[in-house]
Amino acid sequence: MRFAAIADIHGNCEALDAVLLDIGAQGIPTNAIVNLGDCFSGPLDAARTAELLMSLDLVTVRGNHDRYLVEQDRAGMHVTDAAAYDQLSPEHLAWLETLPVSTVWHEDVYLCHATPGSDTVYWLEAVTPEGVVHQRPLAEIEGLAQGVTQSLILCGHTHLPRAVRLSDGRLIVNPGSVSCPAYEDDQPVPHRVEAGTPLATYAILETSGTDWTVTFRLVPYDHMSQSRLAAEGGRPEWAAGLATGWLG
């Protein structure tokens, strides 16, 4: 089996287009792409992203920002979600409501956005009380994987490409973010996540037996057009992240 995993598009259709072209150039068909959620939220092009994703009909799980778009009132939304909500049609929101929080694909691949138990908890990373993001200890990673029996586990949420082999041989992979390489969050404490590159990121997964091979692909695209779009929308931190992969 050989397929591609994408995650955290965040309304960046320019980046998604480039990733889809690269996936096709690797000989992977559209029906062999899985999407780990957080599809639309951001100050970019949510509506065009929605039209494209709905037409592709990818296996997709729901991210925390997807959930916010359908569960929260517009007045109470964070500005990142509100910017996308104002672009989306009722049909787009109805599509989000159909997405599962997790799923099993081809019997041996487990898909979720963040962790099996939460769409907001970092799985492969942790944050110190001082706001430093670091790799989570293996014992904690394995604790979050209890009950998942599949040999390959895919998650997103942190926007950082990473693979961790568990002591029993299972592999957890975060393909990185198609669109948003740097962001700030205030949970569990204020912190920054910065990939350090503006390139669109995804992963190719392949197995010919019991072992999985992972290839991370970093794809160039017109990221400065999206940086300018974020700046025009009054989001300088998004503009910086899209331009450089850093928040400055």
Side-chain angles (χ1 to χ4, degrees), residues 4-26 28-30 32-58 60 63 65-66 69 78-89 91-93 95-96 99 113 156-161 174-184 193-204 215-248:
I6 63 175
D8 296 285
I9 303 163
H10 284 283
N12 190 336
C13 202
E14 193 78 17
L16 178 58
D17 282 338
V19 163
L20 292 172
L21 283 173
D22 193 76
I23 290 172
Q26 308 310 308
I28 298 173
T30 302
I33 303 172
V34 299
N35 175 17
L36 304 177
D38 273 8
C39 301
F40 307 142
S41 287
L44 302 176
D45 200 347
R48 188 160 71 95
T49 305
E51 290 297 321
L52 178 55
L53 284 179
M54 290 172 65
S55 71
L56 293 173
D57 195 28
L58 307 180
T60 301
H65 285 280
D66 303 323
L69 287 170
H78 186 274
V79 62
T80 297
D81 303 308
Y85 184 88
D86 289 344
Q87 294 186 38
L88 297 172
S89 70
E91 290 75 19
H92 300 151
L93 295 171
W95 179 78
L96 285 178
L99 301 180
H113 177 68
H157 190 49
T158 64
H159 302 195
L160 297 174
N174 185 327
S177 174
V178 167
S179 156
C180 180
Y183 66 88
E184 293 180 310
V193 175
E194 298 167 304
T197 173
L199 300 180
T201 307
Y202 75 98
I204 296 174
T215 302
F216 294 107
R217 299 279 300 175
L218 279 69
V219 182
Y221 74 102
D222 186 8
H223 61 279
M224 290 308 300
S225 69
Q226 301 307 292
S227 176
R228 290 190 294 271
L229 186 59
E232 292 165 3
R235 301 300 301 276
E237 75 285 9
W238 272 73
L242 288 161
T244 67
W246 302 92
L247 293 174

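- The salt bridge (Lys or Arg N to Asp or Glu O under 4.0 Å) test applied to Asp222 returns no partner, not counting sequence neighbours.
- Scanning for side chain to side chain contact (heavy atoms under 4.5 Å, CB included) contacts around Pro236 gives an empty result, with sequence neighbours left out.
- Take Ala47 and apply the side chain to side chain contact (heavy atoms under 4.5 Å, CB included) test, not counting sequence neighbours, and it matches Gln87, His92.
- Under the side chain to side chain contact (heavy atoms under 4.5 Å, CB included) criterion, Ala240 pairs with no residue, sequence neighbours left out.
- In this structure the side chain of Leu16 never reaches within 4.5 angstrom of the side chain of Ser179, judged on heavy atoms.
- Separating the CH2 atom in Trp238 from the CG atom in Leu247 is a distance of 11.0 Å, to the nearest 0.5 Å.
- Donor-acceptor pairing under 3.5 Å is recorded for the side chains of Asp38 and His113.
- For the ring pair (Phe, Tyr, Trp, His ring centres under 6.0 Å) test, residues two or more places apart in sequence or in another chain that qualify with His65 are His10, Tyr68.
- Residues Leu88 and Leu93 meet the side-chain proximity criterion, which asks for heavy atoms closer than 4.5 Å.
- For the pair Leu242 and Leu44, the minimum side-chain heavy-atom distance is below 4.5 Å.
- Asn35 places no side-chain N or O within 3.5 Å of a backbone atom of Leu58 that could act as its donor or acceptor partner.
- Looking only at distances, a side-chain donor or acceptor of Thr49 sits under 3.5 Å from a matching main-chain atom of Gly11.
- Residues in residues 224-236 take part in these salt bridge (Lys or Arg N to Asp or Glu O under 4.0 Å) pairs, two or more places apart or across chains: Arg235-Glu237.
- Of all heavy-atom pairs spanning Glu194 and Gly245, the tightest one is CB-O, 3.6 Å.
- Minimum interatomic distance between Ala18 and Pro220 (heavy atoms only, all atoms of both residues): CB-O, 4.0 Å.
- In this structure Tyr183 satisfies the ring pair (Phe, Tyr, Trp, His ring centres under 6.0 Å) test together with His159, sequence neighbours excluded.
- Ser177 is linked by a side-chain hydrogen bond (donor to acceptor under 3.5 Å, both in side chains) to nothing, counting only residues two or more places apart in sequence or in another chain.
- Of all heavy-atom pairs spanning Pro175 and Ala7, the tightest one is CG-CB, 3.9 Å.
- Sorted by first and then second residue, the salt bridge (Lys or Arg N to Asp or Glu O under 4.0 Å) pairs involving residues 17-26 (not counting sequence neighbours) are Asp17-Arg48, Asp22-Arg217.
- With rounding to the nearest 0.5 angstrom, the CG atom of Asn12 is 10.5 Å from the OG atom of Ser227.
- In this structure, CE on Met224 lies 9.0 Å from OG1 on Thr244, to the nearest 0.5 angstrom.
- Annotation: side-chain hydrogen bond (donor to acceptor under 3.5 Å, both in side chains) contacts of Thr201 (sequence neighbours excluded): none.
- Of all the heavy atoms in Gly241 and Pro181, the pair that sits closest is O-CG, 3.2 Å.
- The shortest distance between side-chain heavy atoms of Ile6 and Val19 falls below 4.5 Å.
- The side-chain heavy atoms of Leu229 and Pro43, taken from C-beta on, include no pair separated by under 4.5 Å.
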Are Phe40 and Leu96 close enough, and set up right, to give a side-chain contact (heavy atoms from CB on, under 4.5 Å), and what steps lead you there?
CA-CA 10 Å; Phe40 307 142; Leu96 285 178; 3.6 Å; yes

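- In this structure the side chain of Thr60 never reaches within 4.5 angstrom of the side chain of Asp66, judged on heavy atoms.
- Within the model, atoms CD1 of Ile28 and OH of Tyr202 stand 6.0 Å from one another, a figure rounded to the nearest 0.5 Å.
- Put simply, the side chain of Tyr221 reaches to within 4.5 Å of the side chain of Gln226, judged on heavy atoms.
- Checked options Val178, Leu69, Leu53; the residue passing with Cys39 is Leu53 (criterion: side chain to side chain contact (heavy atoms under 4.5 Å, CB included)).
- Taking Asn174 as the reference, Leu124, Cys155, Thr158 meet the side chain to side chain contact (heavy atoms under 4.5 Å, CB included) condition, with sequence neighbours excluded.
- By the side-chain hydrogen bond (donor to acceptor under 3.5 Å, both in side chains) test, Tyr85 is found to be paired with no residue, residues two or more places apart in sequence or in another chain being considered.
- Between Asp8 and Cys180 the shortest side-chain heavy-atom distance does not fall below 4.5 Å.
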